[in-house]
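Data block below; observations after.
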Amino acid sequence: MLQIKNLHVSVGDKPILKGINLEIKPGEIHAIMGPNGSGKSTLSHVLSGKGGYTVTGGSATYQGKDLLDMAPEIRAREGVFLAFQYPVEISGVSNIYLLKAALNSIRKHQGEPEVDAMDFLTLVKDKVRLLEMDEKFLYRAVNEGFSGGEKKRNEILQMAILEPKLCIMDETDSGLDIDALKIVSEGVNSLRSPERSFVMVTHYQRLLDYIKPDKVHVLAHGQIVKSGGAELALELEEKGYSWVEEAVA
Amino acid sequence: MTTSTASRYAAEYPLIAAALPGQTLPWLRHLRSAALEQFSLQGFPSPREEEWRYTNVSGIEKKLFSPSLALTADDVDAEWLNEHKIADAWVLVLVNGRFSSELSVLADLPVGVSVMSMADALNTQAEKLEPYLGSAASHLEHGFIAFNAAWFTDGLFVHVPSKLVLERPIQVLHIVTGADVMTVTRSVIIVEESAEAKVIETYISRDGVYAASQSGTDSTAGVANAYLTAAVTEIFVELNADLTLYKMQSESEKAYHFGGSYIIQNRDARFTHHNFAFGGLLSRNDIHVDLGYASECELNGLYLGTKRQHIDNHTRIKHLKAHAISRELYKGVLDGRARGVFQGRVIVAEDAQKTDSQMNNRNLLLSDDAEVDTKPQLEIYADDVKCAHGVTVGQLDEKSIFYLQSRCVDQETARNMLTFAFANEMVDKIKIKSLHDKVLEQVLIRFPQEGVNKEWL
Ligand SMILES: Nc1ncnc2c1ncn2[C@@H]1O[C@H](COP(=O)(O)OP(=O)(O)OP(=O)(O)O)[C@@H](O)[C@H]1O
Ligand SMILES: [Mg+2]
């Protein structure tokens with residue numbers, strides 16, 4: 001699904017990612033943990049094509065193609081989805097408009113006709129129910145005036161509707177209360193399939209209690225300093241990051 | 001200085017004076033001659049005047065515009081005109097500044113309501129007009145108002161008697177059919193105690209829109225007429241009355257437009273303005289509101305400039321008495337080499353305690369050559385007031401563009417969507433469906449809509 005090899009990324013003159021190596025196979029769930037400012041969001045952004053970063057070395061290959069060479073919207077249409085740590089408010093564009101625009105862009109990209117209006121509504125309402133949201137959110141401007149938790153839930157709603165192949169979730173759990181975390185996790189779990197992979201950036205084990213990762217990586221100072229199984233997250237929860245950082249230092 | 005132009009106009013005046021309405025009324029003759037004298041002295045406003053610093057109207061002086069005295073309704077394509085009429089409204093049509101009864105739709109007005117041309121009103125109810133005409137807009141204010149007072153050929157007169165609620169809107173449709181014409185109109189709208197009305201002012205020219213609808217025949221496209229519109233509307237919203245005024249300005253791309261709306265609000269009166277300034281090579285709106293005790297006004301504006309358009313909106317809200325509320329939001333989108341000007345003055349008089357005022361001006365610049373001058377001004381002479389103002393000038397938000405791209409939308413569409421959304425906030429405030437759709441269409445014509453799907457809105 002995704003192979004990242006020795007990826008180096010800078011912002012201006014400042015190196016932020018310093019040689020990331022990561023391989024994600026179809027169906028796998030990888031958790032990325034690590035201290036604040038270690039580069040987790042940067043990695044998510046670079047994978048989804050946000051501007052302002054310079055790739056100074058290495059590569060990222062997605063389904064055999066050079067991911068870093070594609071425009072952001074092409075990546076998205078090819079199935080890369082980023083659930084933002086800080087979803088952006090888009091005033092004047094309704095949620096349902098954006099969903100329709102997004103879904104039809106994907107279909108066009110795949111050479112399929114526009115989605116039928118009724119089918120679309122059925123699909124969207126289905127997913128709204130899955131995430132236990134109020135249908136009114138569909139007609140509100142994207143994320144505008146949404147609470148922190150509502151924004152996160154809205155990201156997962158989009159993800160559920162667009163059915164991406166590679167889901168990158170940047171701290172989706174932060175801002176969610178206990179009930180919402182459970183609902184969102186169930187939503188994510190319902191999307192699990194042998195063809196779909198997940199990268200979950202998180203600081204907390206509590207998300208991983210609901211969504212069990214296959215692999216856990218620790219990102220510190222722009223490098224993956226330790227990788228392990230689901231049990232690594234428990235260890236980090238208990239001991240913090242310093243022991244891993246010290247171990248490599 | 002403009003005196004040479006002014007004297008050229010003044011020299012023409014005796015030739016057309018006899019054809020102007022209301023010549024038998026001494027008070028109006030007096031007003032016109034005082035205004036003519038003022039205009040002869042001052043000419044059109046010069047950039048040296050503080051209120052005209054950012055808008056140089058000297059382009060107007062390159063030509064001598066003349067009133068179109070001979071009008072035939074046959075000159076107007078009825079089908080084209082119908083497209084601009086608001087459904088289910090009373091429509092008063094002014095062709096080159098003169099009323100055309102054939103083209104107007106004024107049947108079935110409720111008893112006691114007057115909707116008629118200014119010329120007719122001066123013939124039939126001059127005594128009612130006398131205390132109003134010229135009382136909200138003084139010809140001493142600046143050259144355009146003086147010019148307007150001296151030269152106006154017609155206009156709209158509306159009188160809604162007390163407690164009457166007009167369900168249907170009134171539309172005044174200003175159309176210009178020729179080049180080098182000047183259309184000078186004076187309108188008066190009076191909404192009496194506890195009455196309610198909605199009025200729509202539409203400014204269009206036959207050429208621009210006509211050419212655009214003739215797809216394929218490029219020869220007619222681009223033949224935009226240069227002409228001058230000077231329209232002054234005086235508005236009186238009496239005790240507890242309610243008026244919503246819409247202005248839709250889509251003049252030809254070579255036209256000069258001066259539009260002044262001068263509003264006097266009595267105690268508890270409510271006034272809402274929606275000002276869409278889309279057309280013209282150079283356009284200027286003056287909107288002056290005088291607020292009485294506990295009255296409320298809401299001023300909404302949207303200006304869209306492309307190519308070399310210059311669009312100036314000047315608003316002045318005077319809180320004269322206590323407890324009044326004013327809300328103002330003006331948004332501008334400027335592309336190409338267009339230039340926008342916004343001046344928002346709020347004056348709070350000493351007596352106007354508990355004033356509550358908010359003013360906002362937001363601008364989106366789509367090109368490096370587009371420009372905006374924005375100048376909010378608060379002058380507060382009372383001590384217990386709540387006044388806020390804010391201004392933004394910027395490009396499209398990069399974070400928003402990326403967010404949309406990450407949701408499969410290509411960059412160009414993302415830009416178009418965001419631009420459209422920015423403008424559409426103002427269009428969405430229109431409560432009259434048929435007008436809403438027409439304004440929306442104009443917005444979409446003026447800005448790249450590639451990827452913006454109208455059906456999904
Ligand atoms: N545009 C930028 N300009 C300068 N520095 C930047 C920029 N973007 C990121 N950085 C820096 O890069 C580093 C990594 O930031 P990043 O947001 O990727 O961290 P993170 O691991 O996601 O942290 P958190 O857990 O707090 O979300 C930080 O030191 C940050 O300040
Ligand atoms: Mg982060």
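Since the model is a prediction, treat every value here as computed from it, not as a measurement.
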Only one of A:V199, A:I156, A:T202, A:L82 forms a side-chain contact (heavy atoms from CB on, under 4.5 Å) with A:M169, so which one is it?
-> A:I156
Ordered numerically, the heavy-atom neighbours of chain B under 4.5 Å found in residues 116-139 of chain A are none
Judged by modelled atom types alone, do A:H45 and A:Y53 share a side-chain donor-acceptor pair under 3.5 Å?
-> yes
Side-chain ion pair, B:R339 and B:D312, N-O less than 4.0 Å | no
Let me know if A:E89 has heavy atoms under 4.5 Å from chain B in its side chain, its backbone, both or neither.
-> backbone
Heavy-atom distance under 4.5 Å to chain B: side chain of A:R75, backbone, both or neither?
-> neither
Excluding sequence neighbours, so at least two apart, what forms side chain to side chain contact (heavy atoms under 4.5 Å, CB included) with B:Q343?
-> B:E51, B:H314, B:R345, B:K375, B:Q377
Proximal component of B:L418, with respect to chain A [non-hydrogen, under 4.5 Å] = side chain
Does any pair with a residue in residues 389-398 of chain B pass side chain to side chain donor-acceptor pair (under 3.5 Å), and if so which ones, sequence neighbours excluded?
-> B:D397-B:S400
Taking NZ, NE, NH1 and NH2 as the nitrogens, is one of them in B:K307 or B:D335 under 4.0 Å from a carboxylate oxygen of the other?
-> no
Given side-chain hydrogen bond (donor to acceptor under 3.5 Å, both in side chains), test B:E298 with B:T272 step by step and report yes or no.
-> CA-CA 5 Å; B:E298 182 183 327; B:T272 309; 4.5 Å; no
If you count heavy-atom pairs under 4.5 Å with chain B, which of A:E78, A:E73, A:K50 comes out on top?
-> A:E73
Is a side-chain donor-acceptor pair under 3.5 Å present for B:N275 with B:Y330?
-> yes
Only one of B:H436, B:H273, B:H274 passes ring-ring contact (aromatic ring centres under 6.0 Å, His included) with B:Y246; say which it is.
-> B:H274
Residues in residues 58-71 of chain A near chain B [non-hydrogen atoms, under 4.5 Å] = none
Of all of A:V80, A:I90, A:I74, A:L99, which one pairs up most often with chain B through heavy atoms under 4.5 Å apart?
-> A:I90
Among A:P72, A:P87, A:S105, who wins on heavy-atom pairs under 4.5 Å with chain B?
-> A:P72
Sidechain N-carboxylate O distance under 4.0 Å for B:E425, B:K331 = yes
Assess whether atom NZ of B:K354 is packed by more than 12 heavy atoms of other residues, nucleotides or ligands within 6.0 Å.
-> no
Side chain, backbone, both or neither of A:S91 within contact of chain B (heavy atoms, under 4.5 Å) = backbone
Ring centroid separation for B:Y403 and A:F84, is it under 6.0 angstrom?
-> yes
Between A:Y86 and chain B, which part of the residue has a heavy atom less than 4.5 Å away: side chain, backbone, both or neither?
-> neither
Pair A:F198 and A:H30, ring centroids less than 6.0 Å apart = no
